[in-house]
Structure formats: C-alpha cells, structure tokens
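Take this structure, written in structure tokens, and hold onto it; I'll ask about it next.
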Amino acid sequence: MKKIIVIPGDGIGQEITASAVTVLKQVDAKFNIGLEFETRDAGGTSYEKFGTPLTDEALDACKRADGVLFGAVGGKKWDSLPVHLRPEKAIFGLRKGLGLFANLRPTKVYPELINSSPLKPELVGGSDLLIVRELVGGIYFGPRCESETKDGVEQAWDTEIYSVPEIERITRLAFETAKLRRGKVTSVDKANVLAASRLWRKVVVDVAKDFPDVELNHLYVDNAAMQLVLNPKQFDVIVTNNIFGDILSDEAAVIGGSIGLMPSASIGELTSLYEPIHGSAPDIAGKGIANPMGTILSAAMLLRYSLKADDAAKAIERAIDRTLADGYRTADIFTDGFKRVGTDEVTDIICKNL
Ligand code: IPM
Ligand code: MG
C-alpha cells in the first residue's frame, strides 16, 4: 500500500483536498496503485485543536508517508498570533522537518483559458516553464531580529545565507529536470549587489560543467521579472533562491491565466509534499465554489514524482483538459458563455472524464 497523508489545513483547503482525494480514489480504482489515506491537521485548524500550528505527531506521520497532499493554511482569525503560533509556521515546519529543498512550480497555458490571461494571447500562447525554487534556505531561514534598538532607533533584520552544498543540490535538480524538458536552465540571482548571489552564480556555473547538453544563462531578478511577462516563451527551467522563487512564481502564475490551476511539488529527502500555489482564500471558504483543479493537478504530480505512476498522472491531467474543453468553469475562471460549476460538481465531471 502507498500511504498518503492529507493535510487539508484552513479555509478552502478542506474543500479542495476532499475533492483531490475523491479524484485519487477514482484513479486508484482504475490503475490499482493501492492508495491509503490518513488525515492530519496543520495551520489554524491545528492551533485550535492542539495549541500549535504543527504537532510533532503530524510531522512524524508525514516522514513515514509515501507522499503528502497539502491544501492551504492561514486566515484572519490567526493573523494576530505571535509568529511561532501563526499558520505559516506549519509550512516552514514541514519544509524544514521533511527537508523539502526544491519547490517545482510549472506554468502551463491552457488553450481554453488563454483569454483569461491578462497578457496578450500571442505572447503567452505556447509558453511552458518550470520554476525550481530553493525552499529550505536563504533569507526565509537565516538569522533574524524582530526588533532591536540601535542609537535610539528601532530596527529589524533578516539574513540571506547560502552554502555551496545547498546551491549545488538545487542546481543539480534543475539541470536533471531540464534534461527531461527542453534542455535550458536560466539561473536568476542579484549577483550585481548580493554576496550570496555571487556565490550562487559561481556554483551554478560549476555544476553546469556536468551537464554539457543543457544550455545555461543568467538573469538578474529584476530583469527576470520583466522578461517573464515580456517574453515567457524564452524560459524552460528557471532555478532561483527561496525569496526570488516565491515572488517570480506568483508572477508566472498569471501567464497560465489562473492561479487556481497551478500545482506545485516540494521535493524532499524523506518524502515530498504537493500543494496548489494559491492560498486558503478564507473569503470563499465553505461556499462550495473554490476551484479544486490546482490541488487535483498537485495530486497528479504526487502520482508522477513520488509513486512513479505516470499513466495515472497523465489520466488526471487529461481529465482536467477535457473538463475545461467542455466549457466547465469554477467562479475564478468563469466568463460569459461557459458553464459555471461549484467544487463538487466540477469534481464529479473530472471523475467522469477519467
Ligand atoms: C508560498 C507562500 C509561502 C511562502 C507563504 C505562505 C509563507 O507564499 O508557498 O509561495 O512565502 O513561501
Ligand atoms: Mg508565495
């Protein structure tokens, strides 16, 4: 049996993971993968029950799992808690605790949704890129000070630190992935200003020597941000640090038309975690209108990367394509002339299309 830990989390996390589990069960019935599900809490939901955003028990269960399917965490209710109790702490606990060093965020343009992109169709059409974001280092995890007083003035600081092995590990994964795609890596840094970026660039150049068939170029992050919307088709694999990857991956989601459709995989040493890149959307939680496609596509990535069930993953991706082609749209991607559906309804249709 293959054990999957499902962590719905907060807000729409509950609805969208339920929907993805329904789809996974249907796929399992067809492909006989032998999936087994267990649920754990995280974020505000865990805080309410256990007084902490992530229990050791939940983390341990994930460590033993074949894969983790994660919804989203966060909500207004918990925004004023001290930092160590806030829902986001669960995400960092899982990233660090499971050693999830690489976050893969693919952007695909669905021909059916090309007109929902705020960018010109001829500009985004055919773009297909993958952001490989370093996820357990850099300024997210470096030493920080919430508040101190210097010369009578309050200040705060965070630190960007990268070691050679950390950069090597993420760069290798990016190059390996590029080999299976179109063979191009763009490394994004701020080497004209930051020391950590200068080391980043040096290590990337060194690692590239082991991949003579993969083309490498470098962009400064400000230019990369501009190039992403000017000419997204130039990119295949983008490799970058934690914070630049955070920012650029939200920007890249716009290319695809809707953030509701964007899946992600966080690849780890012990296990890997899969989640949609949108958040917990507390404003629409419980209304049955959330788009589950990003989570369902994340479940497909789980099948592909953690369970090596590529056929099953493709079946899910095709079922989503078909559902969109047949004109079904959740509220986030609905435009006149299409069929508006809720979370459960679209899940049923995807299952029928499997
Ligand atoms: C993401 C999110 C998180 C991050 C937040 C919720 C802490 O934006 O996964 O991209 O910044 O990494
Ligand atoms: Mg982000």
Side-chain angles (χ1 to χ4, degrees), residues 7-13 16-17 41-47 52-54 59 62 68-107 129-142 144 146 158-162 166 170 188 221 224-225 228-229 238-256 258-268 272-283 285 290 294-295 297-298 301-302:
I7 303 185
D10 307 322
I12 60 167
I16 56 181
T17 50
D41 292 302
T45 313
S46 170
Y47 173 74
T52 169
L54 181 69
L59 180 62
C62 292
V68 180
L69 184 68
F70 187 88
V73 292
K76 263 218 164 50
K77 205 170 152 194
W78 306 290
D79 273 354
S80 48
L81 286 172
V83 178
H84 70 286
L85 293 177
R86 289 177 58 145
E88 291 78 16
K89 201 69 194 171
I91 299 184
F92 299 133
L94 286 163
R95 288 179 185 169
K96 251 318 192 223
L98 301 175
L100 306 176
F101 69 93
N103 185 222
L104 273 45
R105 296 187 172 181
T107 284
L129 62 96
L130 175 73
I131 297 187
V132 177
R133 166 189 178 193
E134 200 289 326
L135 203 58
V136 291
I139 201 164
Y140 271 60
F141 291 96
R144 61 167 52 94
E146 294 291 329
D158 304 270
T159 326
E160 167 88 346
I161 301 182
Y162 271 109
E166 282 177 305
I170 188 78
V188 172
V221 62
L228 259 180
V229 284
I238 293 177
V239 63
T240 190
N241 72 7
N242 204 340
I243 191 157
F244 298 160
D246 176 48
I247 299 165
L248 294 181
S249 60
D250 268 30
E251 191 190 1
V254 174
I255 298 166
S258 167
I259 199 167
L261 261 77
M262 297 295 142
S264 81
S266 299
I267 306 296
S272 297
L273 179 147
Y274 302 83
E275 62 175 317
I277 87 162
H278 60 71
S280 57
D283 51 321
T295 316
L297 290 166
S298 301
M301 289 183 93
L302 186 156

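Not measured: the values here are computed from a predicted model. Position 1 is the first residue of the sequence, and the numbers go up from there. Just follow the structure's listing: the first ligand is 1, and inside any ligand the first atom is 1.
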Problem set entry | Side-chain donor or acceptor of Glu251 paired with backbone N/O of Ala253 under 3.5 Å |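 Between the backbone of Ala253 and the side chain of Glu251 there is no qualifying donor-acceptor contact (under 3.5 Å).
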
Exercise. Please state which protein non-hydrogen atom is closest to atom 11 (O) of ligand 1 and give its distance, to 0.1 Å?
Worked result: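 Checking every protein heavy atom, the shortest distance to atom 11 (O) of ligand 1 gives Tyr140 OH, 2.6 Å.
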
Exercise. Does Thr45 reach the main-chain N or O of Asp41 with its side chain, forming a donor-acceptor pair under 3.5 Å?
Worked result: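 A pair under 3.5 Å: no.
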
Problem set entry | Exam field: side chain Ser280 to backbone Ala72, donor-acceptor pair closer than 3.5 Å |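 No, the answer is negative, given that no donor and acceptor are paired below the 3.5 Å cut-off.
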
Exercise. Judged by atom type as modelled, is there a donor-acceptor pair below 3.5 Å linking the side chain of Glu134 to the main-chain atoms of Gly137?
Worked result: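 Yes: the side chain of Glu134 pairs with the backbone of Gly137.
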
Exercise. Judging by distance only, is a nitrogen or oxygen of Glu275 under 3.5 angstrom from one on ligand 1?
Worked result: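 In fact, backbone or side chain, Glu275 has no N or O that close.
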
Exercise. For the residue pair Asp10 and Pro87, what are the closest heavy atoms and their distance?
Worked result: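 Looking at all heavy atoms of both residues, the closest pair is OD2-CB, 4.0 Å.
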
Exercise. Of all the heavy atoms in Arg86, does at least one lie under 4.0 Å from an atom in ligand 1?
Worked result: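 No, Arg86 has no heavy atoms under 4.0 Å from ligand 1.
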
Problem set entry | atom 1 (C) of ligand 1 protein-contacted, heavy-atom criterion under 4.0 angstrom |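 Yes, there is a protein heavy atom closer to it than 4.0 Å.
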
Problem set entry | Asp246 N/O/S atom closer than 2.8 Å to the Mg ion (ligand 2) |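 Asp246 does place an N, O or S atom closer than 2.8 Å to the Mg ion (ligand 2).
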
For this session: Write out the residue and atom name of the closest protein heavy atom to atom 7 (C) of ligand 1, then the distance separating them to 0.1 Å.
Result: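 Scanning the protein heavy atoms, the shortest distance from atom 7 (C) of ligand 1 goes to Phe92 CZ, 3.6 Å.
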
Exercise. What is the closest protein heavy atom to atom 3 (C) of ligand 1, and at what distance does it sit?
Worked result: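 Ranked first by proximity to atom 3 (C) of ligand 1 is Arg95 NH2, 4.1 Å.
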
For this session: Could you find the nearest protein heavy atom to atom 6 (C) of ligand 1 and give me its residue, atom name and distance?
Result: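 Going by distance alone, atom 6 (C) of ligand 1 is nearest to Ile91 CD1, 3.9 Å.
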
For this session: Measure the distances from the heavy atoms of His278 to every atom of ligand 1 and state whether one is below 4.0 angstrom.
Result: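 Judged by the 4.0 Å heavy-atom criterion, His278 does not count as contacting ligand 1.
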
Exercise. If only atom types and distance count, is the side chain of Ser249 paired as donor or acceptor with the main-chain N or O of Arg105 below 3.5 Å?
Worked result: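 No, the answer is negative, given that no donor and acceptor are paired below the 3.5 Å cut-off.
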
For this session: Around atom 10 (O) of ligand 1, find the nearest protein heavy atom and jot down its residue, atom name and distance.
Result: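 The answer is Asp246 OD1, 2.9 Å.
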
Exercise. Would Arg105 count as a contact of ligand 1 if the rule is a heavy atom under 4.0 Å away?
Worked result: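 Flag set, Arg105 near ligand 1.
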
Exercise. Does Arg133 count as lying over the ring of Tyr140, i.e. NZ or CZ under 6.0 Å from the six-ring centre, within 45 degrees of the axis?
Worked result: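 The answer is yes, since Arg133 meets both limits relative to Tyr140.
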
Exercise. Taking only heavy atoms of Arg133, which atoms of ligand 1 are found under 4.0 Å from at least one of them?
Worked result: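 What qualifies from ligand 1 is 1 (C), 4 (C), 9 (O), 10 (O), 11 (O), 12 (O).
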
For this session: Say whether, by atom type as modelled, one donor and one acceptor occur between the side chain of Asn241 and the main chain of Gly138 under 3.5 angstrom.
Result: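 The answer is no, because no donor-acceptor pair under 3.5 Å joins these two groups.
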
Exercise. Can you check whether Ile139's main-chain N or O pairs, donor with acceptor, with Glu160's side chain at less than 3.5 Å?
Worked result: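 Yes, because the side chain of Glu160 sits within donor-acceptor range (under 3.5 Å) of the backbone of Ile139.
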
Exercise. Side chain, backbone, both or neither: which part of Lys89 comes within less than 4.0 Å of ligand 1 when only heavy atoms are counted?
Worked result: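 Under 4.0 Å from ligand 1, Lys89 contributes no heavy atoms.
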
